[in-house]
Amino acid sequence: MKIFNTLTRRKEEFIPLEPGKVKMYVCGPTVYNFIHIGNARPMIVFDTVRRYFEYKGYEVNYVSNFTDVDDKIIKKAMEEGVESEVISRRYIEECKKDMAGMNVKPATVHPQATQEIEGMREMIQTLIDKGHAYAAADGTVYFRTGSFENYGKLSHKNLDELQSGFREIKVTGEEGKEDPSDFVLWKPKKEGEPYWDSAWCQGRPGWHIECSVMAKKYLGEQIDIHAGGEDLIFPHHENEIAQSEAANDKPFATYWMHNAFLNIDTNGHVQKMSKSLGNFFTVREISERYDLQVLRFFMLSAHYRSPLNFSADLMEASKNGLDRILTAAERLRDAGNIAIQRESVDGEEAMLPKEQLHEKAAWELASKFEKAMEDDFNTADAIAAVFELVKLSNSTVSDDSSKAYIDFMKKLLEKLCDVLGIFTERKAEALDEEIEAMIAARQQARKAKNFALADEIRGKLLEMGIVLEDTREGVKWKRV
Ligand code: AMP
Ligand code: ZN
């Protein structure tokens, strides 16, 4: 299996640290709002990487954090007049719902920065003791980039150039730095901000130290794969390497994987989708128009290292493509049911000689799929192989096919789709009449002052993707 490693800028054979196991860390979102579909790209891409490893029989320890202490979270909390924790807890829950909708598996562990402060204080102290970090007069602790020989090895930047570049940009409040390229490990609290005690000052950790510490705690000092969006290469991942390798005296991650951006074309101007540019769609907004499986399929239709432009046309094309697969799976299920009935009368059916030939052709397509995935997770080519399989299935499976052949085809299609995280069954749409009946039952429960039952019905509707709104004209509902 070959992986493109940002560190060496080459595709390299994957050799795990421990045979049969993969230790993988993926930088997760900062939770101050609903995630947008740009944030969804690394989630979907690296979940697919994980699924492929699992398909190959590896045991994957997959760690992905939530950054739950950050300026943006604090700002939002102040705007709403609540504690930061209220904001982060809310958006972690919302993010998990979006992940479930996109069929992104929960990580083995989803650590939260605020729960790992002790580990951060320890690593910072180790770095100070080893001469890799220092505390300034105001209690800010900085990493001494000049003390780490390989600083710049991931982003292929040269420290001298970096230092002169930084010298041009003078940032106020950083007067305590020995060098402009040094970065923050711990910073003093400001009025009204969450803080923790430390030997240096009451304050909070810098962003980069969080990931070094959480990776170490849940995966160990050395890991196989570290991943995230390409904007994280510098400074975030470069700084993680400096911290982890300086503290642990071991190479941190063997392979560094980075997904390219999801862009959006606004009036002929192609830009990265981002919160700050305001040109984003949240996953939740997309879920109002499409099953999130479509979004997942769209993301995987391009190679993860290629930029991808979001557009309504491409989403429609993905919807149609996905539909072709789901229709083929449905036909297989129907044909399977007919074969079951026949078998119950005529006895077990073996595969016919011509079906054995088709079976061979199907296995060849499965190996085409694997070959694509082995080549740095080329999901675009892997999907092309799935389409070929769909074509083979459509042209060879009929109501007369043997049950053995139908079962084989169905299982193979399901297995390959599962690697991509695609369900082969259409979600049953709740019928309007069913919803109306439940709403009427809820109204009656409310009239009878049985509020527990009314709430229960509301909860059930929510699970079905229906939200209720009590208006002056009565209860209105919509699908989310
Ligand atoms: P953030 O919450 O900004 O730290 O981002 C969480 C993850 O989403 C990181 O891995 C980012 O690199 C990634 N990301 C943010 N915007 C995009 C985008 N437009 N396309 C692809 N990945 C993105
Ligand atoms: Zn990180």
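We count ligands from 1, going down the list as the structure has it; atoms in each ligand are counted the same way.
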Hey, is Leu232 touching ligand 1 through its side chain, its backbone, both or neither, going by heavy atoms under 4.0 Å? side chain
The answer for which part of Val26 has a heavy atom under 4.0 Å from ligand 1 is neither
Among all protein heavy atoms in this structure, tell me which lies nearest to [atom], with the distance rounded to 0.1 Å.
atom	result
atom 3 (O) of ligand 1	Asn39 ND2, 4.2 Å
atom 20 (N) of ligand 1	Leu262 N, 2.8 Å
atom 13 (C) of ligand 1	Pro42 CG, 3.7 Å
atom 22 (N) of ligand 1	Gly38 O, 3.1 Å
atom 4 (O) of ligand 1	Thr30 OG1, 3.8 Å
atom 12 (O) of ligand 1	Asp231 OD1, 2.4 Å
atom 18 (C) of ligand 1	Phe261 CD2, 3.3 Å

Whether Ala260 lies under 4.0 Å from ligand 1, heavy atom: yes
Heavy atom of His36 under 4.0 Å from ligand 1? yes
Sequence neighbours left out, what pairs pass salt bridge (charged side-chain N to carboxylate O under 4.0 Å, His left out) with at least one residue falling in residues 86-112? Glu54-Lys105, Glu80-Arg90, Glu85-Arg89, Glu94-Lys97, Glu94-Arg284, Asp98-Arg284
Hey, are Arg51 and Asp418 close enough for a salt bridge, meaning a charged N less than 4.0 Å from a carboxylate O? yes
Check: Thr254/Asp224 side-chain N/O donor and acceptor closer than 3.5 Å: no
Is the distance from the Zn ion (ligand 2) to the nearest N/O/S atom of Cys211 under 2.8 Å? yes
Tell me, please, if His236 has any N/O/S atom, main chain or side chain, under 2.8 Å from the Zn ion (ligand 2)? yes
